[in-house]
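Labels below follow one simple rule: chain letters A, B, ... track the order of the sequence lines, proteins then strands, and each chain is numbered from 1.
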Amino acid sequence: MAEGKVDPVHQFTIEPLFGTDHLAIAGYNIAFTNSALWMAITALVLMVFIGGGAKQAVVPGRWQMAVESFTGFVDDLLRSNIGANGRKYLPYVFSLFMFILFANLLGLLPLALVGLHPFTPTSHFTVTGVLAIMSFSIVLVVGFAKHGLHFFSLFVPHGTPVLMIPIIFPIELISFMVRPFSLGLRLFVAMMAGHVLLEVLSGFVISGTNGGALTFGIAALPSFVLMVGICALELLVAGIQAYVFALLTCVYLNDAENLH
Amino acid sequence: MPQIAQLATTYSSQIFWLLVFFGLVFFVVGRGMVPKVMATVDARDKQIAADLAAADAARKAADAQEEAWRTQANRQRAEAQATIAAAKAEAAKAAEARLAVAGQGIDARLAEAEARIAAARAGALDEIEAVAAEAAGDIVARLAGLTVDAATARGAVKEALHG
């Protein structure tokens with residue numbers, strides 16, 4: 001990168017830290033990587049944030065108000081999608097929403113200015129995939145535990161003519177089975193695309209500035225202005241993707257909880 | 001793309017550490033802190049609802065009491081009016097009765113006085129008749145030398161007096 005050529009996907013490289021390259025359990029490598037470090041930072045910041053607001057004062061302070069607005073937001077999400085039964089999923093959906101949100105936002109921090117390289121765990125489909133599979137597994141477990149084999153009626157919408165069932169059933173089944181992939185890939189793609197875009201634009205800024213006054217004017221400066229806008233957009237996307245992930249989890253949980 | 005290029009070497013570490021840290025978040029934040037926060041929010045909502053209900057109940061009670069007070073005041077006013085009317089009617093009746101009694105007394109005394117006057121007048125007339133008869137008898141005896149008895153004289157006088 002020092003020679004002015006920016007590799008836009010280098011930021012997603014996983015590097016083992018603290019000499020833990022060969023740390024393993026049962027033959028599986030569990031090196032403590034930069035990705036793990038940023039997950040740890042995310043968890044820590046999240047715990048500090050929520051812990052600081054869990055003062056349980058009847059008249060809340062600012063911090064407590066902020067935390068309560070987040071819990072209230074997720075609670076409303078669950079209530080409006082699942083109903084009164086949704087409260088029991090609050091710990092999971094809240095953890096999911098906040099973890100993704102904080103991971104997204106922390107990955108956007110301009111820490112490179114002080115020489116650190118922020119890493120966004122949610123830009124890896126191994127991470128988003130595990131989160132999606134967790135949500136999907138909960139849906140399956142809840143669905144089958146609550147409704148047994150009747151859960152399969154989910155794939156036959158109400159009012160389907162008997163003649164159409166052989167056609168509708170596979171379509172619904174496929175759309176159901178695709179859910180974990182769409183859930184995980186959506187977040188991964190959104191986060192990666194944003195970071196790549198920012199990296200490419202910053203590459204333009206660096207190359208354009210190095211190339212002289214003309215390229216600075218026609219490439220670097222517009223790219224920089226665009227970057228400012230994209231940064232704001234990325235902050236929005238970080239929130240929206242966390243929201244979408246939590247919302248879709250709620251919608252899927254509603255299917256499991258209430259069928260149709 | 002490192003996500004794919006490094007997949008084989010990093011997937012286990014990624015999954016492991018995600019489960020570790022997401023699990024940490026789930027148990028510490030989701031299970032530990034969020035229920036407390038929600039309990040606080042619920043307690044606050046409940047207290048606000050209870051306070052509002054209490055205020056509403058107090059307002060309703062005040063309205064009811066005002067209503068009761070008003071009906072009682074109206075009833076008492078009506079009672080007072082009835083009492084005043086009754087007292088007025090009674091006083092009027094008593095005054096009438098006393099007027100009637102007084103009127104009767106006056107009538108009786110008037111009748112008595114009239115009777116006395118009539119008696120006096122009758123007495124006076126008798127006296128005059130007697131004196132006149134006596135005088136007539138005397139006059140007849142003196143002038144005609146006749147002796148008229150008292151009864152004749154009296155009849156003549158009566159005839160002369162009453163036509």
Original post:
Which heavy-atom pair separates B:Gly30 from A:Pro91 by the least distance, and what is that distance?
Top reply: O-CB, 3.2 Å
Subject >> Contact origin within A:Phe188 toward chain B - heavy atom pairs under 4.5 Å >> reply: side chain
Original post:
Can you tell me if CD on B:Glu79 sees more than 12 non-hydrogen neighbours from other groups inside 6.0 Å?
Top reply: yes
Original post:
Hey, does A:Met98 have a side-chain heavy atom less than 4.5 Å from the side chain of B:Val29?
Top reply: no
Subject >> Under the side-chain hydrogen bond (donor to acceptor under 3.5 Å, both in side chains) test, residues paired with A:Ser95 that sit two or more places apart >> reply: none
**OP:** Tell me, for B:Ser13 versus chain A, whether the close heavy atoms (under 4.5 Å) come from the side chain, the backbone, both or neither.
**Re:** both
**OP:** For side-chain contact (heavy atoms from CB on, under 4.5 Å), just list the numbers for B:Phe21 and A:Leu44, CA-CA rounded to whole Å, side-chain angles, deciding distance to a tenth of an Å, and then say yes or no.
**Re:** CA-CA 9 Å; B:Phe21 291 117; A:Leu44 186 71; over 6 Å; no
**OP:** Please state whether the side chain, the backbone, both or neither of B:Val28 comes within less than 4.5 Å of a heavy atom of chain A.
**Re:** side chain
Subject >> chain B contacts, top residue of A:Ala43, A:Ala40, A:Pro121 (heavy-atom pairs, under 4.5 Å) >> reply: A:Ala40
Subject >> Residues, nucleotides or ligands: over 12 heavy atoms within 6.0 Å of A:Phe181 CZ >> reply: no
**OP:** Give, for atom CE of B:Met38 and atom CG of A:Leu90, the distance between the pair rounded to the nearest 0.5 Å.
**Re:** 5.5 Å
Original post:
What residue in A:Val74, A:Leu131, A:Val93 has the most heavy-atom pairs under 4.5 Å with chain B?
Top reply: A:Leu131
Original post:
Atom CZ in B:Phe22, atom CD1 in A:Ile100: separation rounded to 0.5 Å?
Top reply: 7.5 Å
Subject >> side-chain contact (heavy atoms from CB on, under 4.5 Å) between B:Leu24 and A:Met47, intermediate numbers included >> reply: CA-CA 9 Å; B:Leu24 197 65; A:Met47 281 190 267; 3.5 Å; yes
Original post:
Once you round to the nearest 0.5 Å, how far does CZ of A:Phe94 lie from CE of B:Met33?
Top reply: 10.0 Å
Original post:
Who passes salt bridge (Lys or Arg N to Asp or Glu O under 4.0 Å) against B:Lys60, sequence neighbours left out?
Top reply: B:Asp56
**OP:** Would you indicate whether B:Lys36, at its atom NZ, is surrounded by more than 12 heavy atoms from other residues, nucleotides or ligands within a distance under 6.0 Å?
**Re:** no
Subject >> chain B interface, residue from A:Val67, A:Val196, A:Leu96 that has the most non-hydrogen pairs under 4.5 Å >> reply: A:Leu96
Subject >> For A:Thr126 against B:Ile15, the heavy-atom pair lying closest together >> reply: O-CG1, 4.4 Å
Original post:
Given A:Phe99 and B:Leu18, is the side-chain contact (heavy atoms from CB on, under 4.5 Å) satisfied, shown in steps?
Top reply: CA-CA 10 Å; A:Phe99 187 81; B:Leu18 174 68; 3.6 Å; yes
**OP:** Sort B:Asp45 into side chain, backbone, both or neither according to what part of it lies under 4.5 angstrom from a heavy atom of chain A.
**Re:** neither
**OP:** Please round to the nearest 0.5 Å and tell me the distance separating atom CE of A:Met39 and atom CG of B:Leu19.
**Re:** 9.0 Å
Original post:
Crowded around A:Phe136 CZ? As in, over 12 foreign heavy atoms under 6.0 Å?
Top reply: yes
